[in-house]
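The block underneath contains the structure these notes are about, expressed in C-alpha cells.
Below, each value reflects all heavy atoms present in this structure, side chains not excepted, and no hydrogens, waters or symmetry copies. Because the structure is a prediction, the values reported are computed rather than measured. Throughout, residue positions are numbered sequentially from 1 according to the sequence presented.
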Amino acid sequence: MVEERSLAEYVVQFQAYSESEKQWKARSEFILRNLSRFQQRPQQMDQLLALSMVWANHVFMGCRYSGDLLGRVVEMAEGIEVQDAPQFATRDEIMKRQQR
C-alpha cells in the first residue's frame, strides 16, 4: 500500500494544468499500469507520458492517430474504464446520417 501511495505521489507531477479530474484520473491510471515497463531510462518515461497523452487525446477529444500507434495505446489501456466518455463521429459518418 505504501508503495502504491508513493507511486501515485510520484505520478501526480505529470498532471497537465488543463486536465480535468476525470481526464487525469484516467490518464494517471494509464501511467501507473504501464510504469514498470518504462522506468529503465528517462527517455522511456518521456515515451510513456507521450503515449498516455495520445490515449487521453483519443478518448477525450476524439483525436486520430495511425493504426499501429492507436492499437498500441488501446492495448496498454485495456481494462481502464472511463465513465461518460464522449462519443465522436467522423465527418463521413455525419454526412451519411444527414443523407438518410
Side-chain angles (χ1 to χ4, degrees):
M1 185 80 157
V2 171
E3 186 174 305
E4 282 183 30
R5 183 180 185 125
S6 62
L7 281 177
E9 289 171 356
Y10 168 73
V11 169
V12 77
Q13 70 181 311
F14 303 116
Q15 182 177 6
Y17 179 76
S18 60
E19 280 180 298
S20 69
E21 283 303 312
K22 180 179 173 179
Q23 291 167 336
W24 173 241
K25 181 177 182 259
R27 193 167 76 87
S28 64
E29 186 174 348
F30 181 100
I31 294 168
L32 288 168
R33 283 180 177 222
N34 295 286
L35 191 59
S36 63
R37 299 187 311 179
F38 289 85
Q39 281 187 301
Q40 307 305 342
R41 296 186 314 274
Q43 300 91 332
Q44 287 182 315
M45 191 62 196
D46 289 343
Q47 184 180 24
L48 175 59
L49 295 174
L51 291 168
S52 73
M53 290 303 295
V54 166
W55 177 74
N57 289 345
H58 171 70
V59 170
F60 294 105
M61 293 188 274
C63 295
R64 302 177 127 214
Y65 299 93
S66 72
D68 290 342
L69 178 57
L70 197 52
R72 182 176 181 190
V73 297
V74 167
E75 182 179 308
M76 291 171 71
E78 189 172 324
I80 297 175
E81 292 186 29
V82 178
Q83 297 294 323
D84 303 319
Q87 299 294 315
F88 299 98
T90 64
R91 180 185 169 279
D92 292 340
E93 292 169 340
I94 293 169
M95 295 303 289
K96 278 184 182 178
R97 278 189 242 145
Q98 289 180 349
Q99 290 174 352
R100 291 181 190 171

ask   = Passes side-chain contact (heavy atoms from CB on, under 4.5 Å), Phe14 versus Leu48? Steps please.
value = CA-CA 11 Å; Phe14 303 116; Leu48 175 59; over 6 Å; no
query = With the 4.5 Å side-chain cut-off for hydrophobic clustering, are Leu49 and Leu7 part of the same group?
reply = yes
task = Before giving the answer on side-chain contact (heavy atoms from CB on, under 4.5 Å), spell out for Gln44 and Arg37 the whole-Å C-alpha distance, their side-chain angles and the decisive distance to 0.1 Å.
result = CA-CA 9 Å; Gln44 287 182 315; Arg37 299 187 311 179; over 6 Å; no
Straight-line distance of Trp55 CH2 to Leu69 CG, nearest 0.5 Å = 14.0 Å
ask   = Hey, does Glu21 have a side-chain heavy atom less than 4.5 Å from the side chain of Gln15?
value = yes
message = Between Gln13 and Tyr10 (side chain of the first, backbone of the second, donor and acceptor by atom type, cut-off under 3.5 Å), is there such a pair?
response = yes
inquiry  = Heavy-atom count check: over 12 atoms from other residues, nucleotides or ligands less than 6.0 Å from Glu75 CD?
reply    = no
query = Taking it one step at a time, do Ile31 and Trp24 satisfy side-chain contact (heavy atoms from CB on, under 4.5 Å)?
reply = CA-CA 10 Å; Ile31 294 168; Trp24 173 241; 4.3 Å; yes
ask   = With hydrophobic residues grouped by side-chain heavy-atom distances under 4.5 Å, do Val73 and Phe60 end up in a single group?
value = yes
Gap between atom CG of Leu35 and atom OG of Ser28 - 0.5 Å precision = 11.5 Å
ask   = For the atom pair CE (Met76) and OG (Ser52), what is the distance rounded to the nearest 0.5 Å?
value = 8.5 Å
key: Minimum heavy-atom distance between Ala16 and Glu19, given as atom pair plus value   = N-OE1, 2.7 Å
key: Neighbour count above 12 (heavy atom, 6.0 Å) for Lys22 NZ   = yes
ask   = What distance separates Met53 CE from Met61 CE, expressed to the nearest 0.5 Å?
value = 6.0 Å
remark   = Distance col, row Met45:CE vs Gln40:CD, nearest 0.5 angstrom, shows 12.5 Å
remark   = Tightest non-hydrogen contact, residues Ala26 and Val82, listed as CB-CG2, 4.0 Å
Sidechain-backbone polar pair: Gln23 side chain, Ser20 backbone, donor-acceptor under 3.5 Å = yes
task = Please identify each residue that fulfils salt bridge (Lys or Arg N to Asp or Glu O under 4.0 Å) with Arg33, with sequence neighbours left out.
result = Glu29
note = Rounded to the nearest 0.5 angstrom, the CG-CD distance for Asn34 and Gln39 is 11.0 Å
